[in-house]
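Structure first, commentary second.
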Amino acid sequence: MSELPKPLLTADQIAKRVRELGAEITKAYQGRSVVLVCVLKGSYVFAADLARAIDLPLRIEFLGVRSYGSGTKSSGVVQITHDLTHPIEGEDVLIVEDIVDTGLTLEHLLNLLGTRLPRSIKVCALLHKPSRAIRSVPIDFLGFTIEDAFVVGYGLDWDERYRNLPYIGTIAPEGDES
Ligand code: IMP
């Protein structure tokens, strides 16, 4: 695990796509304000860039989530480690996710936030691995569709490493046969 991750998406490709997503979101919510819900920790870099690409009045909230699983596999059992600090009732909520893999985490978050009676709730995900989907969840704004590989960088980690890598690359985590 000493080698650098193999580049999949360069910093320039990501920056261009994030600008496009920001423009799409700005257009979709014209005349309204939006609450971005950044799902920690993986989405922190994406959410910071995306927020600056959106030309609307907005608020940022952080939702700390721990997904239990073994190694690189998600179990779908989600623990909230940090909750929103303000109510979202009547608000237009946009969940900002780093990656949708099995879809279990997002399904859980949509159910959870839905109980707080937002005006609307949509999803913006940077990456989607459709080949691994267990649950079909709506992604309203999507950066990139990728093949089934474990990716790191631009906020995404393997065992808390690589979050500060400026690009997105692939690794083969040791001991993982998936
Ligand atoms: P899901 O519940 O399987 O959709 O997984 C969602 C979460 O698992 C993401 O928000 C990530 O934190 C993590 N995850 C899934 N795939 C990857 C990956 O390839 N690299 C890093 N984290 C991942």
Side-chain angles (χ1 to χ4, degrees), residues 1-11 13-14 17-18 21 25 35-51 60-84 93-115 121-178:
M1 195 54 71
S2 55
E3 301 149 40
L4 275 176
K6 198 165 137 232
L8 180 67
L9 296 165
T10 66
Q13 283 174 306
I14 299 167
R17 191 70 192 111
V18 170
L21 286 172
I25 292 165
V35 179
L36 294 191
V37 173
C38 167
V39 184
L40 297 172
K41 295 179 188 170
S43 306
Y44 82 103
V45 178
F46 176 42
D49 285 346
L50 184 68
I60 300 216
E61 288 284 336
F62 297 95
L63 194 59
V65 163
R66 184 178 297 140
S67 174
Y68 287 111
S70 59
T72 57
K73 294 204 187 79
S74 169
S75 66
V77 182
V78 177
Q79 184 196 3
I80 302 299
T81 57
H82 173 84
D83 206 344
L84 310 184
V93 170
L94 183 61
I95 299 179
V96 180
E97 259 288 27
D98 51 356
I99 184 163
V100 179
D101 187 22
T102 62
L104 291 166
T105 304
L106 191 53
E107 180 184 62
H108 182 91
L109 296 183
L110 282 166
N111 288 336
L112 173 77
L113 297 182
T115 64
I121 181 158
K122 291 193 174 185
V123 174
C124 177
L126 181 63
L127 305 171
H128 183 212
K129 280 191 224 174
S131 58
R132 303 240 318 157
I134 293 176
R135 292 287 194 279
S136 162
V137 277
I139 303 176
D140 304 278
F141 306 96
L142 174 63
F144 302 93
T145 298
I146 60 167
E147 300 294 314
D148 180 12
F150 198 80
V151 291
V152 294
Y154 197 67
L156 288 141
D157 77 310
W158 172 79
D159 203 16
E160 296 300 326
R161 288 184 57 196
Y162 301 114
R163 290 198 199 274
N164 59 332
L165 203 67
Y167 64 93
I168 291 174
T170 57
I171 57 166
E174 285 157 22
D176 184 56
E177 274 99 53
S178 65

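Both ligands and their constituent atoms are indexed starting at 1 by order of listing. Worth knowing before you read on, the calculation uses all heavy atoms, side chains too, and leaves out hydrogens, waters and symmetry mates. We number each residue from 1, following the sequence as shown.
Under a 4.0 Å heavy-atom criterion, L156 is in contact with ligand 1. In this structure, H108 does not count as a contact residue of ligand 1, since none of its heavy atoms falls inside 4.0 Å of the ligand. Taking 4.0 Å as the cut-off, V152 does not count as a neighbour of ligand 1 on heavy-atom distance. Ligand 1 lies less than 4.0 angstrom from a heavy atom belonging to G103.
Of all atoms in ligand 1, listed by their number and element, those nearer than 4.0 Å to a heavy atom of D157 are 21 (C). Close approach to T102 involves these atoms of ligand 1, each under 4.0 Å from a residue heavy atom: 1 (P), 2 (O), 3 (O), 4 (O). The distance from ligand 1 to the heavy atoms of A149 drops below 4.0 Å at these ligand atoms: 19 (O).
When V78, V65, D101 are checked for heavy-atom proximity to atom 5 (O) of ligand 1, D101 turns out nearest.
The distance from the CG atom of L4 to the OH atom of Y162 is 7.5 Å, given to the nearest 0.5 Å.
Taking all atoms of both residues into account, the shortest heavy-atom contact from A125 to I139 is CB-CG2, 3.9 Å. The two atoms that bring D157 and V152 nearest to each other are C-CG1, 3.8 Å, heavy atoms only.
Side-chain N or O atoms of K129 include one that pairs as donor or acceptor with a backbone N or O of A149 at under 3.5 Å.
For E147, there are no side-chain contact (heavy atoms from CB on, under 4.5 Å) partners two or more places apart in sequence or in a different chain.
Contact annotation for E97 and ligand 1: only side-chain heavy atoms (C-beta onward) come within less than 4.0 Å of the ligand.
Put simply, the side chain of L94 does not reach to within 4.5 Å of the side chain of V123, judged on heavy atoms.
Between the side chains of D98 and Y154, no donor N or O sits under 3.5 Å from an acceptor N or O.
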